[in-house]
Amino acid sequence: MQRRQSSKTPKQPPQVHHKNQTDLSAWRKGGRTDPEKSVQIHQSPNCQKNDSKQDSLEQALRYFEKVQDRVSLKKSDVLQKHLTTVESIALQRGLPPEGFDVLLNVALSGKLADTVNTRLLKSLVPASVIPENSVVSSVSWLCVSKCSGNVQLLFLRWLITVFDFIDHKEQLHALYGFFFSFLQDEKMCPYVCHLLYLLTRKESVKPFRIRRLLDLQAKMGMQPHLQALLSLYKLYCPELVTITLPGKKKTYFKNSEGPWKAAINAVRRRNQESSPVSQPLFLGTAQPQSRKRKWNTQLIIPASSTNRNNLEEDREKNRVDLYSTNESLPLEQLQTFSQLLQNIHHLEFPSQMGSVLTNPLLLHYMNCIKDESVYLRLYYWMGQTLREECTWCVADNNQYEEEFKDFLETVYKTECFLQEGFSSCEEFLYKSLPLWDGCSCRSQVLRLVSWIPLSSFSEMKSHLYDPLAQLFFTSSLYFKCSVLESLKELLQNWLNCHVIHLDSESDSQVHSLNTTLSGLVNVVAELIHFVGWISTVALRLENNPTFLLYFILDFYETVCDMYLRYNLPLLIMPPAGVFYPALLSMDSVSLNQLCYIMYRYRTNLVAAKENELSKKRILQFKFSSQTYQEYNRYIIAMVGCLWTSSAFQKDIHPQGLQMDDELLKKTTAQEFKTSFNIVYHPAMMGYAVLFLQQAQPDDTTLNFSLIKGKKWDWYLKYLYAQGLKGLKVFIESSINRISQASHSKAEN
Amino acid sequence: DGAARTLLSIGRLSRGPPFGRAHGRFGLSPSGRLLLPAPRSQENADPQRTAFLLRKQWTLYSVSPLYKFSNARLRDYARLLSAFIAAEKQKGLAVEVGVELDIKVAVSSLPDLKGSDQDQAAILVQLSSRSPASPKNSEEKLVWSGWFCCVSGDELSENVPEDFTCLPLFLANGAESYTSIVGSWFQKTFDCSFCRLAISPLNLSWMAAMWTGCKVDKTASAMELVFSVPCLPQPLDISYAIHPEDAKALWDTVQKTPGEITQEEVDVFMDCLYSHFHRHFKIHLSATKLVKVSTPIASAHCDGIIKFLQSQYLTGVLMLLTELAISQIQ
């Protein structure tokens, strides 16, 4: 060991990242700080102003380097002056790397009085980094115990606090045994444990050390610092030692931040570097556990911990496998995304796969690992948990509804994160929906429905649609809307999954029966027909409320665009039971939404027709002429209703509005012929009134028949300006306006 | 990034176990079962080696497949488990692995308990305590035992990749606190999950019928069915004891194909017993809940407790229990 290496020349920054927990903060910062560079940066601004200070610091350092024997603080002005210089500069800007060697040497050598030593140690605030050598030499001072016990303690606390600022730690690791020997000092023991906790690597864990710690434990009883160190040992070598930490304990080490932390933060802030000073300690095993009901209740999502089962095996493997580095990162220490990237080649999944649910980093990892067993482990665990904890299937579980809700919520979030449904969740829904009352955990269950994977219709019908329909018809309006909402999500998830599938069609090995195009088309069609059916019934049951209509039309907004947006050769028109209530709605919102949907249907159908005609590729699927016919009939009804005032005459849909003149006369309604167009339609009449009031403020008779010719166009513009964008795109695309064409030409 | 993600997601579309694979998927019983088979090969199975499993009450659990379990490392498992038990009992104190501890753990294999060649050998875990007074020469006292087994569990093991070990049935005898510690250790170490395995009245009636048909010694004790009457302020149990030969005679008239039992036959058998009871006591047993079945072969309680009485039918009973455990897992 070199006692006194010239540290005036800062060492080269380390090229290699040492695998150690304390390097993490460096990764967070985005790379290590180069000592030289940081000093330069630190010196470069207002250089001249600092020159004098710099000089006085250099003088002080030179003084402390040469100081001999005991100098009394009270008698020596020089000492006082230099000490104050060091203190003030340290607090203001922090000390440069080269200062530590000098000051640590003098403080620990016992040359000066303890008050001076203490003040010196307290002012050891790093501006950038602390050279490892200075720490090493101070440890050797510690070994010859020239300084008092208090100074030793203070030094250890300082070392713990600034641990992350030490530029590298290889030599420090070599001193592990020295630190370990300090454990026998009762006062130092807690701090030494903390320091060892920071220093420990897998190779530091040795049977004789474990035995030594266990002896200490036997002597001193249950001590939190010993527990912490021992549980870290267990983490690295579960085959040598084991410990169960009591649930509630949270802090394992005394606060050793002392006077430095605030000062370091202040210096950092002043030097305009933002970085966390030291990383909080963590003990994966120490997470507070929620109360346990039965031992085999698994609603408690396990904490992620290293797969200890493999550790021993790995060790054996390494004897033959030279490439294996034996450096798999314990999951307990995986805290940041950059860590994940750094260690992705030697990460292991946790011993209990269920813990991935609460660990987004592991979910990322899971997303890029192709391993069947990962999913199977999760499948068994989740299936069992859902089955055992379900509050409506298992009799005594009612009181735990909140917990179960949280769990379902977590599962749903994970599915959203992974963008795929879990098959255990699907099976759970199939088994439990027939027993579900539609109330407990409602929003969670309905959300989970939206992630049911595609499967063949026979299963969907008996397991999902039938129980869902039963609940749907017998429940409140809000329940109906929520079901429609989640079925829309379900459809979108399927369609997204199909788009992804299309992109990678070459990956032929994964084509299962359910994911072939025709299979998909069938299943999607059945879902849409199911929603069409329950929507029709619900509109009648609830008497066409706008609120419900909104959710139904929202579903069809996805349906009408499937061909263009999702490349799925399928378009299904809404049933008459949905179309007519929307067309004849008293509310402009629904009518506007319907217009938009019909416009998108048109766009999709036109595109399909063009593709078909150009025959760019041989189309496996064609829209049947029936779809076009259905669309055309709806369009005739709509145009009749909104534009030509001929709804009763021209509508040819069997469930449509067509009525004999004779019949209409019997209704004694006046001017039935004009009762439906964009002026007279009940959803639009309000706009017509407002329009007339603005156009002719003096006329209070509200003569709607005045809206024609030029005023008709103004009225249209007025409607568009009111936000009826759906109506606008519909009229512009589906109504052939000769008059407008000539009109705009004339205007030009 | 997009492309990579796409491929990975696609790979997963077909992941997870194939859907709807098991006939018992929604807890329905199969329509037919084979009668308890006679022991596979008499020369291999030594009844002495499994005799200690008889006449003890075992609490049943289903266990999902064990991940990375290795039969070659049973001794390591025993060491680790024993240290784990010590650490659990004195929370907060660390325990060295491999030293002599109060509770000794033995993990061993029971190769006799198998139905088919695909079945994993059963695993026995035994905890015994040393008396602290005279640690060296005192006898060890068995305080808890539990075993994992799989008899004709092909339905599960065929669908599971190599890394998994299928031992879906777990039976425990001893203090529940030990069951809890051992179970937790297995759950943590092999990422499996334990679940109490209750036996439905339907399955109990299956057991009643199946076990009635088995041949036993003449000295056999009576067959007893216990029913509990629901919706009463005080619990009321009805015990229905039948001479085993009478029961056998009745069963023989019901069963059509030897060696095979159908749901219909079970129903007829139980209905006959019910109508007989009704004729004498005017009580409809069909309106009560069957909670316990005791026969000379074995006795089973609906809470998931079983007692084996005949070693020659041990594997047969385990086969049925394995089937129930698998249907609970899948």
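Lettering of chains follows the sequences in order, A, B, ..., and the numbering in each one begins at 1.
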From the list A:Leu230, A:Leu214, A:Leu378, the residue making the most non-hydrogen contacts under 4.5 Å with chain B is A:Leu214
Answer key: most heavy-atom pairs under 4.5 Å with chain A among B:Gly92, B:Pro161, B:Ala87 is B:Gly92
Donor-acceptor check, side chain of A:Gln384 to backbone of B:Ser193, threshold 3.5 angstrom: yes or no?
yes
When rounded to the nearest 0.5 Å, the distance separating CD of A:Glu372 from CG of B:Asp163 is 11.0 Å
Rounded to the nearest 0.5 angstrom, the OG-OH distance for B:Ser64 and A:Tyr379 is 10.5 Å
Honestly, the part of B:Ser177 sitting under 4.5 Å from a heavy atom of chain A is neither
Quick check against the 3.5 Å criterion: does A:Arg387 have a side-chain atom that pairs as donor or acceptor with the backbone of B:Gln328?
yes
Output for pair (A:Asp215 CG, B:Glu96 CD), nearest 0.5 Å, gives 9.0 Å
Interatomic distance, OH@B:Tyr67 vs OH@A:Tyr380, rounded to 0.5 Å, equals 13.5 Å
Interatomic distance, CE@A:Met222 vs CD@B:Gln90, rounded to 0.5 Å, equals 7.5 Å
For residues B:Leu93 and A:Gln217, determine if any side-chain heavy atom of one lies less than 4.5 Å from a side-chain heavy atom of the other.
yes
Between the OG1 atom in A:Thr242 and the CH2 atom in B:Trp185, the distance rounded to the nearest 0.5 Å is 10.5 Å
Smallest heavy-atom separation, A:Arg377 atom then B:Asp191 atom, equals NE-OD2, 2.8 Å
